[in-house]
Amino acid sequence: YPTWKRTLARRARESQMKRFCKAQAIQRRLEEIEVTFRELEQQGIKLEKLLRDENESPADQQTQWTNQLLYLVQKKNNLMTEESDLMIAVQELKLEEQQCQLDEKLRSYMNKEDTLKTPEDEKAEQEILKQLVDVVNKRNVLIQLQEEKRLSEL
């Protein structure tokens, strides 16, 4: 087992662990966002009831409740934006994992001597290469989407 193969295997394991840790962090954050959504929703419902039921309360109080409600809406919009970014990151991780698996398969076919390859092997190699290009194009679309989103926010 040559050194370069061990190095490739080690790097593949390391990148897989990084993706796994990143996926776990994203999942935790998505769960936190979900809990925060529910809390904001409950606070919003209370404020809306106060605004509807308390018509005779002072104008200052109603203004304060309205401002609180607008603040909650703004906070919820920020969380929705973050959630959207995280979902894109999840898709990117999935595509990255798929690309690594296809790279590994393609490498196994490419390491085979040309004289030992069967027509099925060559067909499979071409199919994997096609899938790999497709995954790379999908990742590129996600990156462009993120860039457009970033630019629109500025």
Side-chain angles (χ1 to χ4, degrees), residues 1-51 62-112 114 117 119-154:
Y1 209 61
T3 305
W4 65 272
K5 284 187 179 180
R6 283 195 305 269
T7 302
L8 282 177
R10 181 176 41 81
R11 285 185 183 160
R13 281 192 309 275
E14 287 172 358
S15 66
Q16 187 176 22
M17 281 304 296
K18 283 181 185 176
R19 284 191 303 276
F20 179 72
C21 291
K22 192 173 181 180
Q24 281 184 321
I26 289 171
Q27 185 61 39
R28 272 193 305 275
R29 184 61 189 140
L30 285 171
E31 289 169 0
E32 290 170 1
I33 288 173
E34 187 63 35
V35 168
T36 308
F37 269 151
R38 279 190 241 120
E39 291 170 357
L40 291 175
E41 193 70 33
Q42 292 303 315
Q43 291 174 7
I45 289 170
K46 288 177 186 174
L47 284 170
E48 279 184 48
K49 283 181 182 177
L50 286 172
L51 282 169
Q62 287 188 353
T63 304
Q64 184 181 5
W65 289 336
T66 304
N67 287 340
Q68 287 176 347
L69 191 60
L70 290 173
Y71 174 75
L72 291 178
V73 169
Q74 181 183 19
K75 205 170 176 183
K76 188 173 179 182
N77 286 342
N78 290 341
L79 286 174
M80 288 176 72
T81 300
E82 184 182 355
E83 184 180 40
S84 170
D85 291 342
L86 290 173
M87 296 309 290
I88 290 171
V90 166
Q91 287 296 328
E92 194 172 350
L93 281 174
K94 285 179 183 178
L95 290 172
E96 196 176 319
E97 178 67 29
Q98 196 176 358
Q99 183 178 349
C100 286
Q101 290 172 354
L102 290 170
D103 276 339
E104 201 172 296
K105 286 180 186 177
L106 184 62
R107 202 173 292 119
S108 71
Y109 281 111
M110 293 178 88
N111 287 336
K112 218 179 209 184
D114 286 341
K117 287 183 185 176
E120 290 82 21
D121 289 341
E122 290 175 5
K123 186 176 178 183
E125 184 179 345
Q126 289 302 313
E127 182 60 31
I128 290 171
L129 189 59
K130 182 181 168 221
Q131 290 174 356
L132 189 59
V133 168
D134 192 40
V135 167
V136 169
N137 287 336
K138 286 178 183 177
R139 285 185 71 191
N140 188 41
V141 167
L142 281 178
I143 290 169
Q144 287 175 345
L145 179 70
Q146 284 176 320
E147 186 63 19
E148 288 172 9
K149 193 173 178 184
R150 186 186 69 78
L151 290 173
S152 71
E153 288 172 359
L154 293 177

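All values reported here derive from a predicted model rather than from experimental measurement.
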For this session: Mind checking the CG-CD spacing from Leu102 to Glu97? Nearest 0.5 Å is all I need.
Result: 10.0 Å
Exercise. Can you tell me if NZ on Lys105 sees more than 12 non-hydrogen neighbours from other groups inside 6.0 Å?
Worked result: no
Problem set entry | Value rounded to 0.5 Å, distance of NZ in Lys22 from OG in Ser15 | 12.0 Å
Exercise. Does a side-chain N-to-carboxylate-O contact under 4.0 Å join Arg29 and Glu32?
Worked result: yes
Problem set entry | Value rounded to 0.5 Å, distance of CD1 in Ile26 from SG in Cys21 | 11.5 Å
For this session: Look up atom CZ in Arg139 and atom CD in Gln99, then write down how far apart they are to the nearest 0.5 Å.
Result: 4.5 Å
Problem set entry | Where Leu47 and Leu69 come nearest, the two heavy atoms and their spacing | CD1-N, 3.7 Å
Problem set entry | Residue Arg11 excluded, over 12 heavy atoms near CZ under 6.0 Å | no
Exercise. Taking the side chain from Asp134 and the backbone from Lys130, do they hold a donor-acceptor pair closer than 3.5 Å?
Worked result: no
Problem set entry | Exceeds 12 heavy-atom contacts within 6.0 angstrom, atom CD of Glu34 | yes
Exercise. Looking at Glu125 and Lys112, does any basic side-chain N land under 4.0 Å from a carboxylate oxygen?
Worked result: no
Problem set entry | Pairwise side-chain contact, Met87 with Leu30, heavy-atom cut-off 4.5 Å (strictly under) | yes
Exercise. How close do Leu93 and Arg19 get, heavy atom to heavy atom, and via which atoms?
Worked result: CD2-CG, 3.8 Å
For this session: Look at the side chain of Ser84 and the backbone N and O of Met80, then say whether any donor-acceptor pair between them is shorter than 3.5 Å.
Result: no
Exercise. Is a side-chain donor-acceptor pair under 3.5 Å present for Gln43 with Glu39?
Worked result: no
For this session: Working to the nearest 0.5 Å, report the span between OG1 of Thr81 and CD of Glu153.
Result: 6.0 Å
Exercise. To the nearest 0.5 Å, what is the distance between CE (Met110) and CG (Asp103)?
Worked result: 10.0 Å
For this session: Search all heavy atoms of Val135 against all heavy atoms of Gln98 and return the closest pair with its distance.
Result: CG2-CD, 3.7 Å
Problem set entry | Candidate pair Glu127 and Lys123, rule side-chain contact (heavy atoms from CB on, under 4.5 Å), full reasoning | CA-CA 6 Å; Glu127 182 60 31; Lys123 186 176 178 183; 5.8 Å; no
For this session: Indicate the atoms forming the closest heavy-atom contact of Leu79 with Phe37, along with that distance.
Result: CB-CE2, 3.7 Å
For this session: Would you mind checking if Arg10 and Glu14 are paired as a salt bridge, meaning a charged N to carboxylate O distance below 4.0 Å?
Result: yes
Exercise. Between Gln27 and Val90, does a side-chain contact (heavy atoms from CB on, under 4.5 Å) hold up when you go through it step by step?
Worked result: CA-CA 9 Å; Gln27 185 61 39; Val90 166; over 6 Å; no
For this session: Give me the one residue out of Gln146, Glu148, Glu147 that meets side chain to side chain donor-acceptor pair (under 3.5 Å) with Arg150.
Result: Glu147
